[in-house]
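All values below were derived from every heavy atom in this structure, side-chain atoms included, with hydrogens, water molecules and symmetry-related copies excluded. Nothing here was measured: the structure is a model prediction, and the numbers come from that model. Convention: sequence-line order gives letters A, B, ...; per-chain numbering from 1.
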Amino acid sequence: MSKVITPQQQDYSKWYNDIVIQADMADHSAVRGCMVIKPTGYAIWEKMQQTLDKMFKDTGHVNAYFPLFIPKSLFEAEEKNAEGFAKECAVVTHYRLKTDPQNPGKLIVDPEAKLEEELIVRPTSEAIIWNTYKGWIESYRDLPLLINQWANVVRWEMRTRLFLRTAEFLWQEGHTAHATKDEAIAETRQMLEVYADFAENWMAMPVIKGVKTANERFAGADDTYTIEALMQDGKALQAGTSHFLGQNFAKAFDVKFANKEGKLDYVWATSWGVSTRLMGALIMSHSDNMGLVIPPKLAPTQVVIVPIYKGEEGLAKVSEVANVIKQKLQQKNISVKYDNRDSQRPGFKFAEHELKGIPIRIAIGERDLENGTIEIARRDLLSKQVIKIEEVENYVSTLLEDIQTNLFNKALERRNNLTTKVNTYEEFKKVLDEKTGFVMAHWDGTPETEEKIKQETKATIRCIPLNNEQEEGVCIYSGKPSTQRVVFARAY
RNA sequence: CGGGGCGUAGCGUAGUCCGGUAUCGCGCCACGUUUGGGACGUGGAGGCCGUCAGUUCGAAUCUGGCCGCCCCGACCA
């Protein structure tokens, strides 16, 4: 195989690409900006989906599916939303191809088959969903409406990066309708908590929960809540968003309900989503120069067993024990793969499983059979230990938890080290350039100042943290008074 | 869309200035020896050199057009 991964320290961006491609997660496709998610990568996405899906259902949501295409007239109904996404929409204008009379064997778009109304390939589904909800909601008895959809969306990005920004991506989008403002806000916040829970306890990725500034708000939202993570290179990544949409979509699509008093009112809305971008976040939170590191709770394969043997008989002997171990672990709900391929040698397999990030590797050789032992290696620390064979179930269960905790703690420590309070603009710029990471600074609260700082430093306000500590200070840019620090960073 | 780079076997490349149908490594196939950290030997398969046109006896190589991809920026989850 002889795969070489560019070291992080040398070129982080190249390292990231190498990991994605060499760990076999995804590849560039024949379509500009669109990737192929390969089985190894897709399996991780499926684990994310399963986990999130359960969390959504546990909080009362159900799944449904809405069309890929949105008629232009619906798409433009909510003005801010339409305007926000307009410049990155794929548009279907025709419904038929025909043979090119000038060029046999080639196809052209049939000019006769022009659509009367163009169809927009959804960049997000609020428009089509709210148009549908209009017919579903009449009374307060129909509320709340708590629906999620797993789907693909298309945003015609100018520049793309595997998982982090692709023209087509997979995501889930929750769209809920409520009778009251408070209830909708509570839903928005609840889903933010769900995302934070998932990020921290499954992805082992610490996040800051907060509110976006007006500049960074979702187009069509009254408030956008976000979880912000910090990657290994000190750049921030928005990992999930939850929007309080107010009555904007209800008004745009005329979705009214009769309340208990019999009066008509517009419903209150939320939407929230996470995407395959989380795959990128996962990679940039834990992986190293040897390859991918997957937290145990999201690893499609948690344990791989590699036999070391001489000859067929040797393999048979080792397999006997390996299969017992496999079974015992599976009974504890641990996913195990027994890698008994005879076509590769152990060293090759070790390297390959490290590259693919499997949390625990068990090696069993004939030497172990004699001693009643096995060798256990953990991916996060790349350390090995020999244990008694009968200890395997308990040892592995505990180790999986340890690895999960260790990854989170390591990521948390890194984030804490890369979070800096600054009080002057000079300091601010210096930290951004030399130390990177989250920079906590006072801001006067105006979009103008935010925009100027962005233009001058490329740093954006990632969020205003929830339950933020209140503290007197002055804006690092304008010198005007401020009551709290906000989180700045350069971001993906 | 601006700036830079690149298109030669599955992947990475040499050859391009100075025209003569192609180099090396990895991978792949077969057989044998191997197997506690990316094995070794022997033999073998695989390329109309991105594409179209031009110059020429002859083009990967020279000329022109087109297409595609990657990286940096603007836009953005």
Short N-O contact, [X] and [Y], less than 4.0 angstrom:
X	Y	result
A/Glu390	A/Lys328	no
A/Arg361	A/Asp339	no
A/Lys80	A/Asp222	no
A/Lys212	A/Glu228	yes

Distances for protein N/O vs nucleotides 66-71 of chain B N/O pairs under 3.5 angstrom?
from: B/C69; atom 1: OP1; to: A/Arg32; atom 2: N; distance (Å): 3.4
from: B/C70; atom 1: OP1; to: A/His28; atom 2: ND1; distance (Å): 3.1
from: B/C71; atom 1: OP1; to: A/Asn17; atom 2: ND2; distance (Å): 3.3

Under 4.0 Å, counting only non-hydrogen atoms across every strand here, what does [X] touch: a base, just sugar-phosphate, or nothing?
X	answer
A/Thr226	nothing
A/Glu157	base
A/Phe218	nothing
A/Leu164	base

Check whether any side-chain heavy atom of A/Trp268 lies under 4.5 Å from a side-chain heavy atom of A/Glu187, and answer yes or no.
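No. Closest side-chain heavy atoms not under 4.5 Å.
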
Rounded to whole angstroms, how far apart are [atom1] on [X] and [atom2] on [N]?
X	N	atom1	atom2	answer
A/Lys235	B/A77	NZ	P	15 Å
A/Lys310	B/G32	NZ	P	19 Å
A/Leu192	B/A77	CG	P	16 Å
A/Phe348	B/A39	CZ	C1'	11 Å
A/Phe350	B/A39	CZ	C1'	14 Å
A/Asp339	B/G37	CG	C1'	14 Å
A/Ile364	B/G36	CD1	C1'	13 Å
A/Gln344	B/G36	CD	P	13 Å

Check the phosphate of [N] against [X], side-chain N and O only, distance under 4.0 Å to OP1 or OP2. Yes or no?
X	N	answer
A/Arg155	B/A77	no
A/Arg345	B/G36	yes
A/Lys87	B/C75	no

Q. Just wondering, more than 12 heavy atoms not from A/Trp156 lying within 6.0 Å of its CH2?
A. no

In this structure, are over 12 heavy atoms from other groups packed under 6.0 Å from A/Lys235 atom NZ?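 For A/Lys235, atom NZ is crowded (more than 12 foreign heavy atoms under 6.0 Å).
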
Considering residues at least two apart in sequence or located in another chain, which fulfil the side chain to side chain donor-acceptor pair (under 3.5 Å) criterion with [X]?
X	value
A/Glu456	A/Tyr425, A/Tyr477
A/His28	none
A/Lys356	none

I'd like the [atom1] distance from [M] over to [N], given in whole Å.
N	M	atom1	value
B/C6	B/A60	C1'	15 Å
B/G50	B/A9	P	8 Å
B/U55	B/G64	P	15 Å
B/U61	B/U23	C1'	15 Å
B/U63	B/G7	P	15 Å
B/A30	B/G46	P	16 Å
B/U8	B/G25	C1'	15 Å
B/A39	B/A53	P	48 Å

Tell me whether the side-chain N or O atoms of [X] pair up with the base of [N] as donor and acceptor below 3.5 Å, since no angle test is needed here.
X	N	value
A/Glu352	B/G38	no
A/Lys384	B/G37	yes
A/Arg361	B/G37	yes

Residues pairing under ring pair (Phe, Tyr, Trp, His ring centres under 6.0 Å) where one sits in residues 204-225 of chain A, two or more places apart or in two chains, turn out to be A/Phe85-A/Phe218, A/Phe218-A/His243

Regarding the side chain of A/Met158, the nearest nucleotide among B/A77, B/G36, B/A74 is B/A74

Every stem of 3 or more Watson-Crick or G-U pairs under 3.5 Å that RNA chain B joins, in order of first number, is B:1-7 with B:67-73, B:10-12 with B:24-26, B:28-33 with B:39-44, B:50-54 with B:62-66

